[in-house]
Amino acid sequence: MSRTVAFVGLGHMGGPMAANLVRAGHRVLGHDLDAQALASAARAGVEPVASAAEAVACADVVVSMLPAGRHVLDLYDGVLAAARPGALFVDCSTIDVADARTAHARAAAAGLRSLDAPVSGGVVGAEAGTLTFMAGGGAGEFAEALPLLEAMGQKSVHCGGPGAGQAAKICNNMILGISMIAVSEAFVLGESLGLSHQALYDVASTASGQCWALSVNCPVPGPVPTSPANRDYRPGFAASLMAKDLGLAAAAARAGGVHAELGLKAADLYAAYAERVGAAEDFSGIVRTVRQSEGDRA
Ligand code: NAD
């Protein structure tokens, strides 16, 4: 069934996601503060609209893909009153779990339905329509959103009630951040012991050290030819985004009194590393920081 979708936030992720909805036959009214982002989405068939409220007023479903929680809450505050009765709000941004729950509550107070549905898969996945969606909210809302999520991704998991999608996202990325540091430290330790990268890879990738950070996004060049390490750490998944996600995980751990010692440490290490390299470098480039620290201590 073709839907009318308001899409707010047409950046690196939102632009190609909106284009995939157009390709699937939906009418997409797009809005972004950035004129270039809007123009580029328009070339893909998105109808540019001057204000978010104007787009929302015509829509069955409102999808947002914005930088952070405050952008999402500002959007909801600005447009909920303009929405059609029964409209479904689907926020795909990566935001704080508490902000996601606030967004759900504000939508409900306005008599509207909502989902949090952050993604993994990056810009490549957004362009190819192969994202994974992690959704939080009601089962009925998830079922209604599913055809749209399937037009933008290849896997969608209903994780639970409001905020559960964001919770799954930060927990997964906490595993990823910690495991990338673990793999990096293992390679640097191996170097100091005279072990070749290939030998460690051949053992660990088929033994109990196996993980995505090693076998797909290997932080040293050679063993996995497609990993960012082979192209001077061009992203991939930018260090700044990993720092953002670990910051959200650390804040949630502190708020909940959870003793996530390695998660907090990984958040600190990635914050310092991202301050230097930002979006220019893949998060696996942290291996160079580990190697550097090794050299500093020697
Ligand atoms: P981006 O900065 O490229 O896009 C955000 C867009 O939102 C920009 O075009 C900006 O102009 C627009 N915007 C900001 N405030 C707005 C407002 N009030 N109204 C309308 N438009 C507004 O960021 P991105 O890389 O597309 O990331 C978007 C979200 O997706 C973030 O929450 C990010 O953490 C998450 N995410 C990104 C990736 C990735 O690889 N880039 C992967 C997974 C999740």
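One-based numbering, in listed order, for ligands and for the atoms of each. We number each residue from 1, following the sequence as shown. These numbers were taken from a predicted model, which means no experiment stands behind them.
The protein non-hydrogen atom at the shortest distance from atom 29 (C) of ligand 1 is Leu66 O, 3.4 Å. If you check which protein heavy atom lies closest to atom 33 (C) of ligand 1, you get Lys244 NZ, 3.7 Å. The closest protein non-hydrogen atom to atom 12 (C) of ligand 1 is Asp32 OD2, 3.2 Å. Nearest protein neighbour of atom 39 (C) of ligand 1, counting heavy atoms only, is Leu241 CD1, 3.3 Å. With respect to atom 37 (C) of ligand 1, the closest heavy atom belonging to the protein is Met13 CG, 3.6 Å. For atom 4 (O) of ligand 1, the closest non-hydrogen atom on the protein side is Gly11 CA, 3.3 Å. In terms of protein heavy atoms, atom 21 (N) of ligand 1 is closest to Leu33 N, 3.4 Å. Closest to atom 35 (C) of ligand 1, if we only count protein heavy atoms, is Thr94 OG1, 3.6 Å.
With a 4.0 Å cut-off on non-hydrogen atoms, Lys169 touches ligand 1 through its side chain and not its backbone. Counting heavy atoms closer than 4.0 Å to ligand 1, residue Val8 contributes side-chain atoms (C-beta onward) but none from N, CA, C or O. The residue Ala52 has no part lying near ligand 1, judged by heavy-atom distances below 4.0 Å. Of all the heavy atoms of Asp245, none lies under 4.0 Å from any atom of ligand 1, so neither backbone nor side chain is involved.
If you check the side chains of Glu191 and His197, you find a donor sitting under 3.5 Å from an acceptor. Asn230 and Ser227 share a side-chain donor-acceptor pair at under 3.5 Å.
No salt bridge links Arg276 with Glu281; every basic N to acidic carboxylate O contact stays at or beyond 4.0 Å. A salt bridge links Asp232 to Arg288: at least one charged side-chain nitrogen sits closer than 4.0 Å to a carboxylate oxygen.
Within 6.0 Å of atom CD in Gln210, more than 12 heavy atoms from other residues, nucleotides or ligands are found, so the atom counts as buried in its surroundings. No more than 12 heavy atoms of other residues, nucleotides or ligands sit less than 6.0 Å from atom CZ of Arg234.
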Problem - Chi angles and distances behind the salt bridge (charged side-chain N to carboxylate O under 4.0 Å, His left out) call for Glu185, Arg291 - result: CA-CA 8 Å; Glu185 289 184 354; Arg291 200 178 282 125; over 6 Å; no

Problem - Worked verdict on Val157 versus Phe133 for side chain to side chain contact (heavy atoms under 4.5 Å, CB included) - result: CA-CA 6 Å; Val157 180; Phe133 286 88; over 6 Å; no

When the side chains of residues 241-258 are checked against the rest of the protein, which donor-acceptor pairs come out under 3.5 Å, sequence neighbours left out?
residue	atom	partner	partner atom	Å
Lys244	NZ	Pro67	O	2.5
Lys244	NZ	Thr94	O	2.8
Asp245	OD2	Asn173	ND2	2.7

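There is a protein heavy atom closer than 4.0 angstrom to atom 9 (O) of ligand 1. Distance screen at 4.0 Å: atom 41 (N) of ligand 1 has a protein heavy-atom neighbour inside the cut-off.
Those atoms of ligand 1 with a heavy atom of Asp34 less than 4.0 angstrom away are 11 (O).
Between Ala37 and ligand 1, not a single N/O pair is under 3.5 Å apart. Looking at ligand 1, you won't find any N or O of Ala68 less than 3.5 Å from one of its N or O atoms. Considering backbone and side-chain N/O of His12, one or more are found under 3.5 Å from N/O of ligand 1.
Residue Pro67 places a heavy atom less than 4.0 Å from ligand 1. Not close to ligand 1: Leu75, with no non-hydrogen atom less than 4.0 angstrom away.
In this structure, Thr206 contributes its side chain and Asp202 its backbone to a donor-acceptor pair below 3.5 Å.
Both Val90 and Phe142 belong to a common hydrophobic cluster when Ile, Leu, Val, Met, Phe, Trp and Tyr are linked at side-chain heavy-atom distances under 4.5 angstrom.
The shortest side-chain heavy-atom distance between Ser114 and Leu88 does not fall under the 4.5 Å cut-off.
Of the candidates Met65, Gln36, Met242, His71, the one placing a heavy atom closest to atom 15 (N) of ligand 1 is His71.
Ring-plane geometry between Trp212 and Phe283 is classed as parallel, the angle between the planes falling under 30 degrees on a 0 to 90 degree scale with a further cut at 60.
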